[in-house]
2 protein chains.
Amino acid sequence: MTKNKLEITDTTTGEKIKEAARKVFTKKGYAATRTRDIAEEAGINLALLNYYFRSKEKLFDIVMRENMQQLLIGLRSVLYNETTTLLHKIKAIVSNYINLLRKHPDLPLFILSEIKANPDKFAMNIGARTLLLKSHFFKQVKETGKGKINPIQIIINIIGLTVFPFIASPLLKHVGDLNQKEFDALMKERKKMIPIWINGMLKVK
Amino acid sequence: MTKNKLEITDTTTGEKIKEAARKVFTKKGYAATRTRDIAEEAGINLALLNYYFRSKEKLFDIVMRENMQQLLIGLRSVLYNETTTLLHKIKAIVSNYINLLRKHPDLPLFILSEIKANPDKFAMNIGARTLLLKSHFFKQVKETGKGKINPIQIIINIIGLTVFPFIASPLLKHVGDLNQKEFDALMKERKKMIPIWINGMLKVK
DNA sequence: GTCTATAATTCGATAGAC
DNA sequence: GTCTATCGAATTATAGAC
């Protein structure tokens, strides 16, 4: 939730290639990406790409690892803070992720597609699981819902309400007849509304 | 919301190939799919696939068109029914889509990925837009929210809460430590809960 | 209609000069 | 480190026999 690694503009050749790879992979997915496109985007030669990263797959793994880290950076400090209210945490999570996704709208669809395409590669360390399940945040959700609602459902809703519009943006823009500016305004409004909606879910019934 | 075209088991060779193509395309995406895989899945030869459908892309277009239709079948009759309440419509939409997605969980991620990869190909007829915007359902959402809430936000939420868990299921199963059976139980529960949550959103604030 | 064999192309990766 | 040129594998598509 702090600094944005995806925006560092390093000038070394290796970094130039990685940034080009991130851009092309994220836009087209692993299978549809040609290493030639990455080389062109980076303004270097195809051979040089293999010189630096040995193979398409190794380059992909590095880029993807950094993408995942990007999404988790700062999350722990929010989830495990024992001095803030649940509502405060929800506001922080939603607001920070919407800010991030407005800068990198292709990220979630890309990551979820690649996880589905290769679940074993992302057979994540138990850490990702415990990060959520052992957190103070999770306890707060459980307590606030007090047996009336499965906390997992609330987690799904927070993430879904936040992330889904970016995943479906081409569709939403079309059926909702929205241009980029209007879409962006909707996302800004959601930063305010999602915590209110979630709060309602925790009290309903 | 009625019959399920994806489940028709036609015995003609053309249909066998189409069903195999749907299965492989949906699982792996267009770029990662090899026509050889489709042929093998269909139990026929690679040459025969081209004999029937001329090219990988033409076969894909046909399958995708049917997939999209599948998602819209029966929707019009719900959206334009002037005799049912808004809550009743929401229940019908959510329940029917969750039922469909439990049978075809890969469908949304596949379709949204391919739309993003090739937005021009899906430059849909104005029909898809007006189907929603001119509907009685949309009027009801607008009225019920009475200026306090943008109806588009509510639409996003209905679809997002319904579809997102299927898009993110590999991730959810991992971080939530859920097996398929538990995941399925959550989705069943959401059929009941989503209309309640949406109802809360329409009254809040 | 269905098959085997192969042409034609694309793409990841490497050899080798500078 | 960086380039040009090319190899070799994979893949779509087709030719031609049955």
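Below, chain A is the first sequence line, B the second, and so on; all start at residue 1.
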When the distance from [atom1] of [X] to [atom2] of [N] is rounded to whole Å, what number comes out?
X        : N       : atom1 : atom2 : result
Leu49(B) : dG1(C)  : CG    : P     : 15 Å
Lys28(B) : dT11(D) : NZ    : C1'   : 13 Å
Phe53(B) : dT14(D) : CZ    : P     : 15 Å
Leu48(A) : dT14(C) : CG    : P     : 14 Å
Glu57(A) : dA10(D) : CD    : C1'   : 16 Å
Phe60(A) : dA13(C) : CZ    : P     : 14 Å
Asn50(A) : dC11(C) : CG    : C1'   : 11 Å
Leu46(A) : dC3(D)  : CG    : P     : 11 Å

### Query
Quick one: is the NZ or CZ of Lys58(A) closer than 6.0 Å to the six-membered ring centre of Tyr52(A), and within 45° of its axis?
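No, Lys58(A) does not sit over the ring of Tyr52(A).
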### Query
Should the pair Lys56(A) and Tyr30(A) be classed as cation-pi, given the thresholds of under 6.0 Å to the six-membered ring centre and 45° from the axis?
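Yes, cation above the ring, under 6.0 Å and within 45°.
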### Query
Charged N to carboxylate O below 4.0 Å: is that the case for Glu19(B) and Lys16(B)?
no
Of all the nucleotides listed ([options]), which has the minimum atom distance to the side chain of [X]?
X        : options                   : result
Arg34(B) : dA13(D), dT11(D), dG12(C) : dT11(D)
Lys56(A) : dT14(D), dA13(C), dC3(D)  : dA13(C)
Asn45(B) : dT4(C), dG1(C), dA15(C)   : dT4(C)
Ala47(B) : dC3(C), dA13(C), dG1(C)   : dC3(C)
Arg36(A) : dC3(C), dT6(D), dA13(D)   : dT6(D)
Tyr52(B) : dT4(C), dG1(D), dT2(C)    : dT2(C)
Ile44(B) : dT14(C), dC3(C), dT14(D)  : dC3(C)

### Task
Determine, using ring centers only, whether Phe25(A) and Phe110(A) are less than 6.0 Å apart.
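Centroid separation for Phe110(A) and Phe25(A): 6.0 Å or greater.
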### Task
Verify the contact: side-chain N or O of Thr35(B) to OP1 or OP2 of dT11(D), cut-off strictly under 4.0 Å; return yes or no.
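Negative; the distance criterion is not met.
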### Message
Quick check on dT2(C): is either OP1 or OP2 less than 4.0 Å from any side-chain nitrogen or oxygen of Thr13(B)?
### Response
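Yes.
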### Query
Applying the side-chain contact (heavy atoms from CB on, under 4.5 Å) test to Lys91(A), which of Val94(A), Leu87(A), Ile93(A) qualifies?
Leu87(A)
### Message
Regarding Thr12(A), tell me which of base, sugar-phosphate or nothing describes its non-hydrogen contacts under 4.0 Å with the strands shown.
### Response
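No contact.
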